[in-house]
Structure formats: structure tokens, C-alpha cells
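Worksheet: one structure, shown below.
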Amino acid sequence: MSLQTTLRKINDFPADLIQRRRDKRRKRLIDEKGKQLLVASQWQLIRWKFARHKLAMASLFLLGIMYLAAIFAEFVSPYDPRSFREQYAMAPPQRIRFFDPHEGRFHLRPFVYSITRQLDPDTWQVTFEEDRTEKQFIRFFVRGSQYRLMNIPFLEGNLRLFGVEEGIISLLGNDTRGRDLFSRIVHGSRISLTVGLLGIAISFFVGVLIGGLSGYFGGLLDVIIQRVIEAIKAIPTIPLWMALSVALPIHWPLTRVYFFIVLILSIIGWTGVARVVRGKFLSLRTEDFVTAAELDGASTGRLIFRYMLPSFYSYVIARLTLEVPAMILGETALSFLGLGLQAPAISWGVMLKDAQHIRVLANAPWMLLPGLFVFIAILAFNFVGDGLRDAADPYSNI
Amino acid sequence: MLDFLMRRMLLMIPTLFIVSGISFFVIQAPPGDFVTAHVQRLEDRGQIVDREAIEAMRARYGLDQPAHVQYVRWIRSMFRGDLGMSFDWGAPVSRVIARRIPNSLIISLFSFLFVYAVAIPIGMLSATRQYSVADYFFTFVAFVGLGIPNFLFALVMLWVVYSMTGQVLIGLFSAEYVDAAWSWARFMDMLRHVWIPAIIVGTAGTAKIVRVMRASLLDELQKPYVMVARAKGLSRSHVNYKYPFRIAINPVVSTIGWTLPSLITGEMLVSLVLGLPTLAPIFLRALQMQDMYLAGGIVFVLTLLTLLGTLISDILLGWIDPRIRFSSM
């Protein structure tokens with residue numbers, strides 16, 4: 001028995017277990033894919049590695065559903081997010097049932113009980129009573145109010161994913177003005193979920209450009225750029241974002257405000273990318289394959305875009321995914337403070353702003369639900385980012 | 001070490017200079033200035049303000065000068081330790097900030113202590129008992145902490161406290177101490193209140209540092225020297241505390257550099273939600289009122305704190321890690 005195995009027997013080090021498990025997995029992968037692994041492209045390798053990250057895959061799936069719902073928001077939501085029905089103001093979330101204890105019968109089609117508004121004559125407290133005798137079956141693919149999908153003129157329709165024939169269906173309750181919270185959350189995801197993606201797209205391009213300039217040309221330009229990046233990074237994010245978003249005029253149209261908010265959020269994001277890109281450029285410049293290409297007479301542009309960039313941009317993108325949560329958070333926080341998007345716009349932050357008064361919170365705690373969606377989105381992006389980073393790292397174990 | 005420190009401090013000067021420029025022009029950016037905002041408010045109340053008075057006011061505050069002249073004037077006075085006048089408060093910016101900054105600092109400091117006091121032991125536990133129930137539990141809690149924005153957490157806490165006790169505000173002081181001058185009793189009273197905001201501010205940071213601690217200790221535990229030390233008969237806890245832990249703590253110490261800014265940022269949002277008397281509410285008000293010297297001063301002071309934080313983390317790293325102390329001087 002060698003010393004190594006003896007030591008292994010004495011110590012049941014978890015680290016050892018991981019190594020063994022990893023070896024086994026690697027063997028299996030080679031067996032399965034055989035020689036495929038040796039000839040697979042970089043992207044294929046990344047895909048395979050990512051697919052093994054269970055939590056990241058599940059998160060990606062969840063995000064896929066959320067983005068689909070955001071695209072087809074009008075279809076998914078049962079009501080117009082801006083239509084309010086005062087008589088159902090602050091109605092609580094309804095429970096979806098299959099079993100009716102009143103009749104003692106089980107229904108395959110889910111239903112909700114009708115709710116009616118009651119006013120306590122003494123306290124003026126509004127409550128909602130379930131009418132146990134009146135069931136409203138949930139119908140799928142119903143005709144609802146007219147809408148225009150994503151405001152595109154020829155995509156008009158009135159087909160909704162689900163709805164009830166009479167009364168209301170409020171999966172997540174209603175807000176203080178009787179607007180359906182579920183519909184609003186689905187519509188709000190259009191802004192809240194795209195801010196991050198657009199933000200990292202901008203951060204990526206600006207970061208690669210400036211980082212590339214800084215790393216490739218070096219010298220005084222490099223020194224200046226690095227100083228500026230350091231200064232921007234030193235300013236705490238929220239105060240900087242707050243100061244910038246105050247500058248947006250109130251009378252601006254929504255789309256312009258949205259675009260500028262994204263720009264503001266990217267102001268910090270690009271600095272990280274620029275740092276990484278600069279570092280990579282500095283180290284790649286002395287690599288043999290770059291020198292070879294240079295001696296081969298490749299132009300500067302070709303050198304950068306054909307040889308240097310492809311060797312690390314997957315890593316940069318993966319790293320950027322981890323920036324998305326901060327941007328989603330930024331938009332939510334700014335809108336919540338009333339500095340970002342304002343009321344006619346619907347985003348999760350704008351919705352949470354309505355929930356900040358304790359009176360509202362005490363009577364309608366479900367108005368915090370947009371926060372739950374922020375939470376889910378942030379977590380999912382964190383997992384996907386972790387998975388991508390591991391997958392895009394060429395030096396990690398397969 | 002001294003040499004290293006000097007160089008670090010010198011590097012801070014150009015950074016601060018650029019920061020001052022950025023914050024000044026950011027705050028200059030909105031159309032109009034404090035006087036237009038002020039006149040607007042007066043007119044909303046139905047008062048009529050004549051043009052001459054407006055111009056006189058502008059001249060008094062130096063707002064009639066072009067932006068770069070105002071900036072140079074601001075910078076020049078800053079060298080004398082004067083951050084300018086707050087139009088809105090009618091008092092020197094430094095005094096307005098000084099009145100509120102202890103509250104901000106105490107919350108940040110306590111959440112800082114909370115973050116590291118909680119994260120390091122949990123990270124160690126998770127790493128030494130990898131894949132145990134405790135590890136899974138704390139990993140889960142850490143993920144929850146990571147996903148929940150702290151202003152949302154503050155809202156939820158507000159609701160929880162309200163529905164449990166019927167109290168509307170968490171606050172920083174009991175009623176009798178709110179306006180009192182600083183005293184021992186007031187300080188003790190604050191300690192009784194500060195832990196709620198401190199924990200709220202600290203959750204996300206704790207979650208991140210648990211992950212850093214766990215990952216770096218796991219890396220270290222895999223190294224052969226640990227195995228050898230165990231093989232020689234040292235007890236597990238003895239080995240862990242003596243060697244891998246001391247090395248694994250380095251990445252955690254280097255996180256201080258980014259924890260501090262995130263705590264300062266988090267503190268601002270949480271204070272706004274909970275209505276705490278810190279720098280945050282006056283900053284928001286200053287922004288809305290276009291009280292630019294005050295807003296600029298606050299950004300500047302916060303940045304200074306951040307830079308000091310990174311400096312402290314660098315010093316700490318050099319202090320606990322001889323490799324850094326002796327090499328990159």
C-alpha cells in the first residue's frame with residue numbers, strides 16, 4: 001500500500017472525495033462523447049459544461065419563462081394593467097381551488113370563489129368576503145379586453161391566457177386602486193428584466209472599446225483611463241445613480257427616460273469590463289500566437305478582432321451576467337425612491353413605491369409581491385452567472 | 001510598509017480630484033439651479049418674486065458664474081476644508097454633514113461588524129463540514145440573503161414589526177432621545193435600536209463573504225500540507241485553525257475594500273425606507289432641491305470614506321500576510 005492510499009484511509013477528507021468524484025465524471029464524459037470532446041468547439045465545451053450545472057440550468061429555464069411572459073405580457077395577463085376597478089380595490093389574492101367543500105365535489109377545472117366588498121359600518125374597514133356558493137371556473141384562452149401586443153399596430157387581439165366569465169380573478173391580489181397585481185407584475189417585467197440585459201450590452205461595448213484602447217496602446221492614455229476608472233469605481237453606486245437620475249427632466253417621454261436609466265446603470269458596469277479587457281490585452285500581446293499573427297502581417301484591426309478578442313470574450317460575457325442583478329436592483333431602487341421611472345410607467349420598482357407606506361402595507365401586504373419577483377430574478381441571474389463563469393473558464397476541470 | 005502606505009496615499013489624490021470633478025458636474029447637470037427651484041417653490045405657494053431679487057440671489061450664491069468658474073472656486077475652498085454653503089439649510093455644508101454623519105457611520109460600522117462576525121464562522125463551518133446539513137442550510141440562507149435587495153428587506157421588516165407590535169417605525173432612538181444632545185444614555189439607547197438596520201444592511205454582504213470564506217477555505221483544505229499535518233497526528237481543529245484558516249482569511253480581508261462601499265450604499269437605501277436620521281434623507285432632499293454644494297459634498301465625503309476603506313483593507317492585508325508585506329513594497 002502506498003503512502004498516498006494509507007493517508008487517504010486515515011483521512012476521509014471531503015476534498016479527496018470531490019477529486020475522486022471529478023475523476024469519475026471526467027471518465028464518464030469521455031466515454032459518452034468519445035472523441036467528440038477532443039474536437040468540440042469552444043462554445044460546445046461551454047454548453048456541455050454549463051448543462052452539468054443543475055441549478056444554473058433550472059435558473060436559465062425559469063428566466064426563459066419570465067422573459068417569454070414579458071414578451072407576451074398582454075396575452076399572459078388577464079387584465080389591462082392600467083384599468084382600475086374601484087370596487088375591487090385592495091382585494092386579497094384569491095385561492096385557486098379544485099375541491100369544493102360546500103358541494104363536497106372535486107372539479108378538474110380550477111375555480112375561485114366570487115368575492116364581494118364589505119364595509120364595516122363602525123370602523124369603515126373594507127374587507128372582502130368569499131361567497132362560498134358562487135364558483136367562478138377559470139377558463140383558458142378566453143376573449144378579454146382588446147389589446148395591442150407590444151404596441152405593434154397590426155398585432156391586435158383580445159385572446160387572453162386565462163380568465164373568468166364573471167367577477168374577477170386576482171391571482172396575486174389587487175392594489176390600492178383595484179388594478180390586478182398579477183397583470184401589473186407581468187407587464188412590469190418588461191422594464192425590470194430588460195434593464196439588466198440592455199445595460200450589460202452597453203457595458204460590454206463601451207468596456208471592450210475603452211479597455212482595448214487602454215491595453216493595446218498603453219502609455220499616457222492608459223494611465224489616464226485607469227485613473228478615471230478608479231475614480232468612478234470609488235464613488236458609491238447608489239449615490240452616483242441617484243445624482244444622475246435626478247438630472248432627467250420630468251417631462252421626458254417614457255422610452256427616453258428608460259433609455260437614460262439604462263445608460264446611468266451602465267456607468268459603473270463598463271469599468272469592470274474595461275479592467276478585464278485591458279489586463280487580457282496586456283498579457284495577450286506577448287503571447288506567441290499574437291506575435292505570429294503580427295509577423296504574418298495581420299493588421300491591427302485583424303489582430304484585435306480575429307485573434308485577441310475571441311480568446312476571452314466568452315469569459316467577459318460570463319462575468320457580465322453577474323452584473324445583471326446589480327442593474328435590476330439599481331432600477332428597482334431608483335424607481336422605488338421616485339428618481340427612476342415614474343408612475344404611468346410600470347416596473348417592479350414603481351410598483352414597490354406604492355407599497356412603501358405602512359398603512360398600505362398593513363392592509364395589503366401582497367403589494368410587496370413585486371419584490372418577490374425581483375428576488376427570484378436576482379437569484380436566477382446569480383446562478384446562471386455562476387454557471388456561465390465556471391463553464392467559460394477554460395482552465396477549470398471538465 | 002511606510003513606503004507602501006505613502007504611495008497608496010499619494011495615489012488617492014488624483015482619484016479624489018477626478019471624483020470631485022465628476023460629482024460636481026453630475027450635480028450641475030440638471031437644468032436650472034437652486035434659485036430656479038427655490039423660485040418655483042415660492043411661486044407654487046402663490047408668492048410673486050421679482051426678477052431683480054432673483055438675480056441678486058444668484059449673484060450672492062455665485063450661481064451667475066459659468067460652471068467651470070464655480071468648480072474652481074469650490075475646489076479652492078475645499079483645500080481650506082470648506083465644502084461651501086448649503087443653500088437649503090443656510091449653513092456650511094460641513095456642519096450639515098457633520099451633524100448627520102455619526103448616525104450613518106454607526107449603522108455602517110455595526111453592519112460591518114455583523115457581516116464579518118457572522119460570515120467568517122459560518123464560512124468556516126460550511127467549509128470544514130462540506131455537504132453536511134449545516135452547510136446546505138447556511139448555503140441556502142446565504143443565497144436568500146444575496147437575492148433580497150436590502151431596501152426590500154427593510155420594507156418587509158417594517159411590515160413584520162408593524163404587524164407584530166403595532167409600531168410604525170423602527171427608528172434609531174427612543175422618543176425621549178431623538179432631539180437630545182449626545183450623551184452616554186443616548187448612545188446606549190441607540191445601541192438598542194441600531195441592530196435592526198445594521199442587520200438589514202449587512203445581509204447581502206454577509207451572504208457574499210460566507211461564499212468567499214467557504215470557497216477559499218475549501219481550496220486550502222485540499223492542499224497536501226494539511227494532509228501531512230493530519231498524518232503527523234495533529235488534531236483536526238488544531239490543524240485547521242493554525243494553518244489553512246490563516247491563509248484562507250486573506251481573500252476575506254481583501255473583500256473589506258468592496259464591502260465598505262456596499263455597506264454605505266445599502267445604509268442609504270435602508271435609511272430612506274426606515275426614515276432614519278442619517279445622511280441619506282438630506283442627500284435625497286439636496287438632490288431634489290438642487291442644493292448642489294451639499295449634494296456634491298456628500299458624494300465627496302462618501303467617496304473619501306470608501307477610499308479610506310480600501311486603504312485600511314490593504315494595510316490589514318499587509319499586516320496579516322507577510323508575503324504581501326515583504327514583496328510588493
Side-chain angles (χ1 to χ4, degrees), chain A residues 3-4 6-8 10-11 13-19 55 224 227-228 230-249 325 328-329 332-333 336-339 352 355-356 358-359 361-362 365 368 370-372 374-383 386, chain B residues 11-12 14-19 21-23 26-27 29-31 128-131 143-144 146-149 151-152 155-156 158-159 162-163 168-169 218 221-223 226-228 230-231 261-262 264-266 268-269 272-273 280 283-284 287-288 290 295-296 298-299 302-303 305-307 310:
Chain A
L3 179 67
Q4 271 289 321
T6 326
L7 282 175
R8 236 175 234 181
I10 305 167
N11 290 281
F13 267 99
D16 226 43
L17 273 174
I18 307 168
Q19 191 57 48
L55 208 52
I224 294 172
R227 289 290 105 191
V228 171
E230 223 158 80
I232 293 177
K233 278 185 110 75
I235 304 177
T237 45
I238 286 283
L240 181 63
W241 284 342
M242 281 165 74
L244 283 170
S245 53
V246 165
L248 303 181
I328 294 180
L329 212 63
T332 314
F336 174 79
L337 294 176
L339 297 175
L352 281 173
Q356 67 178 327
I358 193 72
R359 295 258 159 276
L361 267 185
L368 280 176
L372 182 69
V374 175
F375 174 70
I376 293 171
I378 289 176
L379 261 194
F381 267 111
N382 264 318
F383 289 138
D386 271 353
Chain B
L11 273 178
M12 274 170 66
T15 311
L16 272 178
F17 196 68
I18 300 172
V19 167
I22 293 174
S23 45
V26 157
I27 285 147
T128 47
R129 308 221 191 302
Q130 201 190 7
Y131 303 131
F143 276 130
V144 172
L146 203 63
I148 188 162
F151 78 91
L152 187 67
L155 264 185
V156 173
L158 207 60
W159 172 57
Y162 180 78
S163 53
V168 176
L169 256 189
L218 274 179
L221 285 174
Q222 284 180 26
K223 299 224 168 123
V226 180
M227 204 186 278
V228 172
R230 286 283 289 139
S262 79
I264 288 170
T265 309
M268 295 205 88
L269 282 174
L272 285 172
V273 175
F283 179 60
L284 185 60
L287 284 178
Q288 284 160 346
Q290 303 204 12
I298 291 176
V299 172
L302 290 179
T303 311
L305 286 178
T306 319
L307 287 175
T310 28

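Chain A is the first sequence line, chain B the second, and so forth, proteins listed ahead of strands; every chain is numbered from 1. Basis for what follows: all heavy atoms, side chains included, without hydrogens, waters or symmetry-related copies.
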Shortest non-hydrogen contact from [X] toward [Y]:
| X | Y | result |
| --- | --- | --- |
| B:L269 | A:A333 | CD1-CB, 3.9 Å |
| A:L368 | B:L152 | CD2-CD1, 4.3 Å |
| B:I18 | A:V228 | CD1-N, 4.0 Å |
| B:T15 | A:A231 | CG2-CA, 3.6 Å |
| A:A355 | B:L155 | O-CD2, 4.1 Å |
| A:P236 | B:T265 | CB-OG1, 3.7 Å |

Please determine, among B:T306, B:L16, B:V156, the option with the most heavy-atom pairs under 4.5 Å with chain A.
->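 Going by pairs under 4.5 Å, I would pick B:T306.
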Count the heavy-atom pairs under 4.5 Å between each of B:L305, B:L272, B:I264, B:L307 and chain A, then report the option with the highest count.
->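 Among B:L305, B:L272, B:I264, B:L307, the one with the most close pairs to chain A is B:L272.
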Please state whether the side chain, the backbone, both or neither of [X] comes within less than 4.5 Å of a heavy atom of chain A.
| X | result |
| --- | --- |
| B:P149 | both |
| B:I148 | both |
| B:L284 | both |

A:T237 side, atom OG1; B:L302 side, atom CG - distance, nearest 0.5 Å =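 Between atom OG1 of A:T237 and atom CG of B:L302 there are 10.5 Å.
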Given side chains that start at C-beta, do those of A:P239 and B:I298 come closer than 4.5 Å, heavy atoms only?
->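 In short, these two side chains do not touch, never coming nearer than 4.5 Å.
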Should B:M268 and A:L337 count as side-chain neighbours, where that means a heavy-atom distance under 4.5 Å?
->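 No, side chains not in contact.
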Per-residue contact mode, [X] against chain B (heavy atom under 4.5 angstrom):
| X | result |
| --- | --- |
| A:I238 | both |
| A:F381 | neither |
| A:I328 | neither |

Once the angle between the rings of A:F336 and B:F151 is folded into 0 to 90°, is it parallel (under 30°), tilted (30 to 60°) or perpendicular (over 60°)?
->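 If you compare the ring of A:F336 with that of B:F151, the planes turn out tilted.
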Only counting residues at least two apart or in another chain, list the ones meeting salt bridge (Lys or Arg N to Asp or Glu O under 4.0 Å) with A:R227.
->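 Per chain and number, A:R227 pairs via salt bridge (Lys or Arg N to Asp or Glu O under 4.0 Å) with A:E230.
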